[in-house]
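Numbering of ligands and ligand atoms starts at 1, following listing order. Not measured: the values here are computed from a predicted model.
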Amino acid sequence: MKTNLRYTPITDRSIVRHPVWDRLDAELRESIQVVSKVLPFRTNRYVVDELIDWQKIPNDPMFQLTFAQKEMLDPEDYRRVRDLLRAGAPKEELEPVVHGIRYGLNPHPAGQLDANVPTLDGRPLSGVQHKYRETVLFFPAQGQTCHAYCTYCFRWAQFVGMSELRFAARATDDLVAYLKAHREVTDVLITGGDPLIMKTEVLRRYVEPLLIPELEHVRNIRIGTKSLAYWPDRFVGDLDADDLLRLFEEVVASGRHLALMGHYSHPVELEPGVARRAVSRARSAGAEIRLQAPVVRHVNDRSDVWSELWSTAVTLGMIPYYFFVERDTGPKRYFEIPLVEAFEIFSDAYRRVSGLCRSVRGPSMSAHPGKARIVGIEQVAGEKVLVLEFLQARDPSWVSRPFFAKFDPHATWLDDLEPAFGESFFFRPD
Ligand SMILES: *Cc1c(COP(=O)(O)O)cnc(C)c1O
Ligand code: SF4
């Protein structure tokens, strides 16, 4: 008999009724209330009961990953919101302040709202992005939330209602029409949020239309998901978990590759038995699971965390994929790591693991021109430089061509870097 552990989100409102509230001191309680007025806060019973080590708060990585932290806001902003809350200020007074702070946090990094939106008969397709020739991103409307929110989330703005509607698609008709006309597309990546927040019957409505013979050039269906880590019962004990696996089997039976792009931030997420059962059940339904996550301060800023994550994942039959640099948005200052340090964490972990783990690529920045990765830090002709390359680029001819940036120990993003050797460009114009 399967238990039906029902998913229960824990929000800034409901947490006061949860037993963990008693474990938090007054200052932590207040900071959760203050910060979650500005940035989205959601966790759930599984994360709280199975993943967070309450002996280790506030430093516990999973606590840092899903609980609002005081330092996520600038001290000045924090004080303004806190004082309004303490004074019991009415909504009309609080809202403009909150709104102003949110606008100062770069809610739409890398032109996420307007860039890369393709057109069909001259009309923009909502919920679709096409940036790299072979891969189309698809954002189903009901999949634009998650079982818990990562504190560093780059899509935080949509969770507070700043962009949701312009992003999401309600049906696949337009996507299918677009794909029929674009035979260069081999991959559709269904993403969010987390598409596996949807009931299987809803997800099915988005996936099945992609399996028709007219779309045989679409060979790989990817689903970006954090459910494997935040709500593994989605694959095990939920009422429609078996149905989800049947859908996976259907995709595979259509002759396509099904890739779950599993967002795993820390090896703790792979420890519970249910998390491992989720992996083995998804895999036995024919899905491959690839791992990806950004490196962030307070959560996974140590190389042993990554070497353990990749090694455990490979043992469980998963494939390490991307090691990202966190994007330039939201509470970035609290979570950011200089590129040079990100490279050290990555390369130190990479050197210590089996070749089977070295399918991972990084540190990678999803920036406007493409996904740029740091390849090394070297002394070239007397100048210390960062060596980079594009793993993906708007201009495919840039992929796999090393380029060089001036060494900068403080840079945290591609835009902070300048060409090395006194040049004014990264790529010599043809
Ligand atoms: C990362 C990414 C992809 C997928 O790139 P792969 O290298 O094929 O994994 C597609 N579109 C966008 C916008 C991306 O950021
Ligand atoms: S799983 Fe992804 S989209 Fe969801 S909160 Fe975390 S980073 Fe954001």
Considering only the protein, which heavy-atom contact is closest to [atom], and what is its distance?
{"atom": "atom 2 (C) of ligand 1", "result": "Lys371 NZ, 2.4 Å"}
{"atom": "atom 11 (N) of ligand 1", "result": "Leu137 CD1, 3.2 Å"}
{"atom": "atom 12 (C) of ligand 1", "result": "Tyr132 CE1, 3.5 Å"}
{"atom": "atom 9 (O) of ligand 1", "result": "Tyr321 OH, 2.7 Å"}

Below 4.5 Å, heavy atoms only, C-beta onward: do Asp187 and Val136 meet side chain to side chain? no
Give a yes/no verdict on whether any heavy atom in Leu391 is under 4.0 Å from an atom of ligand 1. no
Could you tell me if [Y] and [X] have a donor-acceptor pair between their side chains, going purely by distance under 3.5 Å?
{"X": "Ser303", "Y": "Arg352", "value": "yes"}
{"X": "Asn300", "Y": "Ser265", "value": "no"}
{"X": "Tyr334", "Y": "Gln64", "value": "yes"}
{"X": "Tyr46", "Y": "His147", "value": "no"}
{"X": "Tyr264", "Y": "Gln292", "value": "no"}

Which ligand 1 atoms, with their elements, are less than 4.0 angstrom from a heavy-atom of Gln392? 5 (O), 6 (P), 7 (O), 8 (O)
Taking 4.0 angstrom as the limit and counting only heavy atoms of Arg222, give me the atoms of ligand 1 inside it, by number and element. 4 (C), 6 (P), 8 (O), 9 (O)
Do the side chains of Arg42 and Asp12 get close enough for a salt bridge, i.e. N-O under 4.0 angstrom? no
Compute the shortest N/O to N/O distance between Glu134 and ligand 1 and return yes if it is under 3.5 Å, no if not. no
Give yes if a backbone or side-chain nitrogen or oxygen of Tyr322 is under 3.5 Å from a nitrogen or oxygen of ligand 1, and no if not. yes
Looking at Tyr132, I'd like to know if the NZ or CZ of Arg394 sits under 6.0 Å from its six-membered ring centre while staying within 45 degrees of the ring's axis. no
side-chain contact (heavy atoms from CB on, under 4.5 Å) partner of Pro402, the single match among Val375, Val387, Leu388: Val387
Looking at ligand 2, does Phe159 have a heavy atom less than 4.0 Å from it? yes
From Arg204, Arg246, Arg234, residue fulfilling salt bridge (charged side-chain N to carboxylate O under 4.0 Å, His left out) relative to Asp240: Arg234
Could you walk me through whether Arg13 and Thr11 pass the side-chain hydrogen bond (donor to acceptor under 3.5 Å, both in side chains) check? CA-CA 5 Å; Arg13 280 180 218 278; Thr11 65; 5.8 Å; no
For atom 6 (Fe) of ligand 2, check which protein N, O or S atoms are under 2.8 Å away and list them. Cys150 SG
